[in-house]
Amino acid sequence: TFTFESTYQDYAARFATLFKKLNLNKIGILNQEANGWNLALESFKTFAAKEGLTITSLQSYLPEESDFKSYALRVLK
């Protein structure tokens with residue numbers, strides 16, 4: 001039996017490494033304003049800094065939000 005467990009820290013580290021390998025050095029983030037997602041965001045910000053990535057925009061939205069157009073437009077500026 002094998003058990004594989006991933007945590008938000010693991011995902012955050014892997015995404016930061018992947019973005020660096022893809023030469024995506026400027027990152028825009030949409031984040032759901034919820035406890036678990038906020039923890040993942042803080043972890044990603046730490047790993048992104050270690051990889052030399054720059055977060056150019058960070059937009060947070062509430063869980064009940066259904067229209068993301070304005071958030072996406074702000075991230076893309």
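These figures come from a predicted structure and were not determined experimentally.
- Closest approach of Ala48 and Ala16 over heavy atoms only: N-CB, 3.9 Å.
- Interatomic distance, Tyr8 OH to Glu42 CD, rounded to the nearest 0.5 Å: 10.0 Å.
- Listed by first and then second residue, the salt bridge (charged side-chain N to carboxylate O under 4.0 Å, His left out) pairs involving residues 11-21 are Asp10-Arg14 (not counting sequence neighbours).
- Applying the side-chain hydrogen bond (donor to acceptor under 3.5 Å, both in side chains) rule to Glu33 yields the partners Asn38, Ser60; only residues at least two apart in sequence or on another chain are considered.
- Enclosure of atom OH in Tyr11 is not indicated, since only 12 or fewer non-hydrogen atoms of other residues, nucleotides or ligands lie within 6.0 angstrom.
- For the residue pair Lys69 and Asp67, the shortest heavy atom distance occurs at N-OD1, 3.2 Å.
- Considering CG of Leu24 and CD of Glu51, their distance stands at 12.0 Å, rounded to 0.5 Å.
- Distance check: Leu58 CG to Lys45 NZ gives 6.0 Å after rounding to the nearest 0.5 Å.
- Partners of Asn23 according to the side-chain hydrogen bond (donor to acceptor under 3.5 Å, both in side chains) rule, which considers only residues two or more places apart in sequence or in another chain, are Asn25.
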Start with the C-alpha gap between Ile27 and Phe19, add the side-chain angles, then the distance that decides, and say whether side chain to side chain contact (heavy atoms under 4.5 Å, CB included) holds.
CA-CA 8 Å; Ile27 308 296; Phe19 293 161; 3.6 Å; yes
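- A pairwise comparison of heavy atoms in Gln9 and Phe47 identifies O-CE1, 3.5 Å as the closest pair.
- In terms of heavy atoms, Val75 sits closest to Ser57 at CA-OG, 3.5 Å.
- A donor-acceptor pair under 3.5 Å is absent between the side-chain atoms of Ser43 and the main chain of Leu39, judged by distance alone.
- For the atom pair CZ (Phe44) and CG (Leu53), the distance works out to 6.0 Å, reported to the nearest 0.5 Å.
- Closest approach of Glu65 and Tyr61 over heavy atoms only: CB-CD1, 4.0 Å.
- Remark: Phe15 CZ is loosely packed, at most 12 non-hydrogen atoms of other residues, nucleotides or ligands lying under 6.0 Å away.
- If you take CD on Glu64 and CD on Gln32, they are separated by 9.0 Å, rounding to the nearest 0.5 Å.
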